Amino acid sequence: MVVSLVLIIGAFLLHNLLTKYNKLEEQKKEEQLNRAHFDAMISAKARIEVYATLVSSLRSFTKNTSSFPSEKQLQNYLKDLLKEIQFNDSIVVNYIDTNHVFKYIITPSQIDAPKLKGVSVRNFRPQSRIDELNRLMRTNEIKLFTPINLREGWAGFPFNFSARNNKNETLGYVTPILNVKYLLDYFYENNNQDTYVHKFLVNDSIDLTREAYYNGSSVFNKIKDPEYYKNFNASDDDFIYSPIELFGLSLKIGSAYKIKPTINKNINKIAYLWYSIIGLLVFITLFQYLKNSRLNKSLQVANNQVISKNKALEKNLFKIQTLIKEIHHRVKNNILVISNLLFLQEREYDDKNIKTALQESRNRIKSMSLVHEKLYNSATLKDIKIHEYITQLISSVEDIVRDKTLQLQKEINVDEALIFDADTTANLGLILNEFLTNSFKYSFKENEGNLLQIDLNKDQDYYRLSYKDNGPGLPNDFDIKTSKSLGMQLIQILSEQLGGTFTYHKYPENIFEVYFKPVPIHESDSLENA
């Protein structure tokens, strides 16, 4: 619920942010349009000042000369006046008498080009305009009338002022007509022509272009203005407007984009898409987190159960280990009881052969007892350190059969870390017991240097037990495989139980060898512990 609430709030904030971004982009577009429109208006107003100066200069020239200038004088003055202004032929100065008849029609390069001299203005101007001109001749003001389409082929602004001589007598009126293109071109400068479209309205209704004035009168210019706003799909609501007061004439100017710029909606789509992806990832993460939490709780419960069962098993294992130790201890004690019985029985006989047989039995029993003693003291209750076992086995046999005056040198070459299981150790112990018993019976002599050497090494998958002494060895014709000796037969049987072989070599050394494998079920454990 918290995550959902956070994502909803985030989506609301993102929507507000994108809305503000879109508004800022809209404002930026509007500001660009306003800036372009404002710059054009500033330029147009500067051109208006040039208009005002030009018209005022013409009025001053006609008024202040000793006599009203001739058409040639007026043309020359016009040329001098326009040297610094790029009007070219885009100006016509008309002098019309009080009867509204054309007296002069002058351009900087021509006189009476349209052949209007002697023609009355009444022929193509309404009576309302004639009445306004009559009133104008009685004043000192400069009046700008609505634009007209000139026969010279362009639309112009007709300025009008009273024509007077130096005696202030009214001679008619002067009408300088200036090309509207000179003013309107300012709205298409600064490389804005491809971006913006402009609308020029006279009296809020009549369209004006750089080439023509559309008021129902004849249009003499065959050139169409390609930038006429009606050529584009800009609606009236797309325009921004500003008025210009031009010598009493109200000109309304509008500006708009030719192609209204649109806000790039891809940013919104990408933002919403990424937010949706993030929200989905958050929900997936939350789902996995909750799932893992439930799983962890289940695992914790299971782990607690395992720990509880392990503790119970450890208690049971401890009881079992204690019981096994007790069993080994009791077995060892029982074996010792048997050994002691044999010792007591041995004392009852004087026959040397009987005594020897009983001693050998005691040694065999002692080797098995020693295995149970080592298992009782082992931490695992199944592994026995062989070096320690062999050392104690030799000591045990010595205690039973050795003459105290016998000198014996022992070499035990067994890895002290080598460990075997109980079954393997018991079999090896019985084999070594037979070897030791035979050495004490037949090889070792008093007052001589007696040598005993035991080697136990690993040979690939097998172990090699070698036993030798410095005695004379077995007779040359002795065959261990056909021997009727109980000891030799016992060694043969035990070697086979170990999965190995028993051999004897007299030359070059007197040596017994047993190749064997530890009991397979305990082999890996023994090797790891070793």
Side-chain angles (χ1 to χ4, degrees), residues 20-57 81-88 90-91 142 144 146-147 154-159 176-214 221 223-264:
K20 290 180 180 179
Y21 167 77
N22 293 335
K23 288 182 179 179
L24 288 174
E25 288 297 311
E26 290 285 355
Q27 291 176 1
K28 187 187 298 183
K29 300 299 181 182
E30 290 179 4
E31 288 175 0
Q32 290 176 351
L33 177 61
N34 284 325
R35 190 181 304 114
H37 180 75
F38 178 77
D39 291 343
M41 292 295 295
I42 293 296
S43 299
K45 288 179 180 178
R47 186 60 60 91
I48 290 171
E49 296 296 327
V50 176
Y51 274 16
T53 302
L54 180 62
V55 174
S56 296
S57 297
L81 190 62
L82 298 179
K83 281 182 180 180
E84 302 300 328
I85 304 174
Q86 299 300 320
F87 264 83
N88 298 324
S90 297
I91 182 172
I142 299 175
L144 175 62
T146 55
W154 43 270
F157 285 120
F159 291 84
I177 303 176
L178 305 178
N179 195 340
V180 299
K181 190 171 184 178
Y182 179 74
L183 173 65
L184 303 187
D185 267 346
Y186 272 92
F187 291 90
Y188 299 94
E189 292 179 351
N190 300 324
N191 299 319
N192 288 334
Q193 183 169 334
D194 295 334
T195 306
Y196 306 105
V197 62
H198 302 283
K199 181 191 294 187
F200 307 99
L201 299 177
V202 178
N203 297 328
D204 288 335
S205 60
I206 304 174
D207 292 337
L208 177 66
T209 72
R210 291 179 295 175
E211 306 297 343
Y213 179 53
Y214 297 105
N221 194 353
I223 301 174
K224 303 294 184 181
D225 191 348
E227 299 300 321
Y228 187 29
Y229 76 93
K230 289 186 177 180
N231 295 334
F232 304 96
N233 292 325
S235 66
D236 191 62
D237 293 336
D238 296 331
F239 283 87
I240 58 173
Y241 294 95
S242 295
I244 292 181
E245 287 295 327
L246 216 64
F247 296 96
L249 180 68
S250 294
L251 183 62
K252 187 176 181 181
I253 301 174
S255 299
Y257 285 104
K258 284 185 176 179
I259 300 176
K260 188 174 183 180
T262 57
I263 305 300
N264 188 358

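Sequence positions, counted from 1, serve as the residue numbers for this chain. Keep in mind the model is a prediction, meaning the values are calculated, not measured.
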Decide yes or no for Phe159 and Leu54: does some side-chain heavy atom of the first lie under 4.5 Å from some side-chain heavy atom of the second? no

What distance do Phe157 atom CZ and Leu249 atom CG have between them, rounded to the nearest 0.5 Å? 7.0 Å

Taken to the nearest 0.5 Å, the spacing of Leu178 CG from Ile48 CD1 works out to 11.5 Å

Donor-acceptor pairs are to be reported for all side-chain atoms of residues 238-248 against protein atoms at under 3.5 Å, with residues two or more places apart or in another chain.
{"unit_1": "Asp238", "atom_1": "OD2", "unit_2": "Ser235", "atom_2": "N", "d": "3.1"}
{"unit_1": "Asp238", "atom_1": "OD2", "unit_2": "Ser235", "atom_2": "OG", "d": "3.0"}
{"unit_1": "Tyr241", "atom_1": "OH", "unit_2": "Lys199", "atom_2": "NZ", "d": "3.0"}
{"unit_1": "Tyr241", "atom_1": "OH", "unit_2": "Asp236", "atom_2": "OD1", "d": "2.5"}
{"unit_1": "Ser242", "atom_1": "OG", "unit_2": "His37", "atom_2": "NE2", "d": "2.8"}
{"unit_1": "Glu245", "atom_1": "OE2", "unit_2": "Ser250", "atom_2": "OG", "d": "3.0"}

Just so I know, are the side chains of Leu251 and Val202 near enough to count as touching, which here means a heavy-atom distance under 4.5 Å? yes

Expected output: side-chain Asn221 to main-chain Ala212 donor-acceptor under 3.5 Å: no

Take the angle between the ring planes of Tyr257 and Tyr196 and call it parallel below 30°, perpendicular above 60°, tilted in between. tilted

Test Tyr214 against Thr209 for side chain to side chain contact (heavy atoms under 4.5 Å, CB included), laying out the working first. CA-CA 8 Å; Tyr214 297 105; Thr209 72; 3.6 Å; yes

Arg210 side chain vs Asp225 backbone, donor-acceptor pair below 3.5 Å: no

Can you name the residues that form a salt bridge (charged side-chain N to carboxylate O under 4.0 Å, His left out) with Lys23, not counting sequence neighbours? none

Do other residues, nucleotides or ligands put more than 12 heavy atoms under 6.0 Å from Ile206 CD1? yes

Let me see the working for Phe200 and Val180 under side chain to side chain contact (heavy atoms under 4.5 Å, CB included), right down to the final yes or no. CA-CA 11 Å; Phe200 307 99; Val180 299; over 6 Å; no

Spacing of CZ belonging to Arg35 relative to OG belonging to Ser255, to within rounding of 0.5 Å: 13.5 Å

Here the gap from Leu82 atom CG to Ser57 atom OG, rounded to the nearest 0.5 Å, amounts to 10.0 Å

Any ion pair linking Lys28 and Glu31 (charged N to carboxylate O, less than 4.0 Å)? no

Is there a side chain to side chain contact (heavy atoms under 4.5 Å, CB included) between Asp207 and Leu201 once you walk through the steps? CA-CA 5 Å; Asp207 292 337; Leu201 299 177; 3.0 Å; yes

Please enumerate all residues that pass salt bridge (charged side-chain N to carboxylate O under 4.0 Å, His left out) together with Lys181, with sequence neighbours excluded. Glu211

Rounded to the nearest 0.5 Å, what separates atom CD1 in Ile177 from atom CD1 in Ile91? 9.5 Å

Which pair of heavy atoms, one from Tyr51 and one from Asn179, lies closest together, and at what distance? OH-O, 2.9 Å

First locate atom NZ of Lys258, then atom CG of Asn231, and finally report the distance between them rounded to the nearest 0.5 Å. 9.5 Å

Phe187 vs Met41, test: side chain to side chain contact (heavy atoms under 4.5 Å, CB included). Steps then yes/no. CA-CA 8 Å; Phe187 291 90; Met41 292 295 295; 3.8 Å; yes

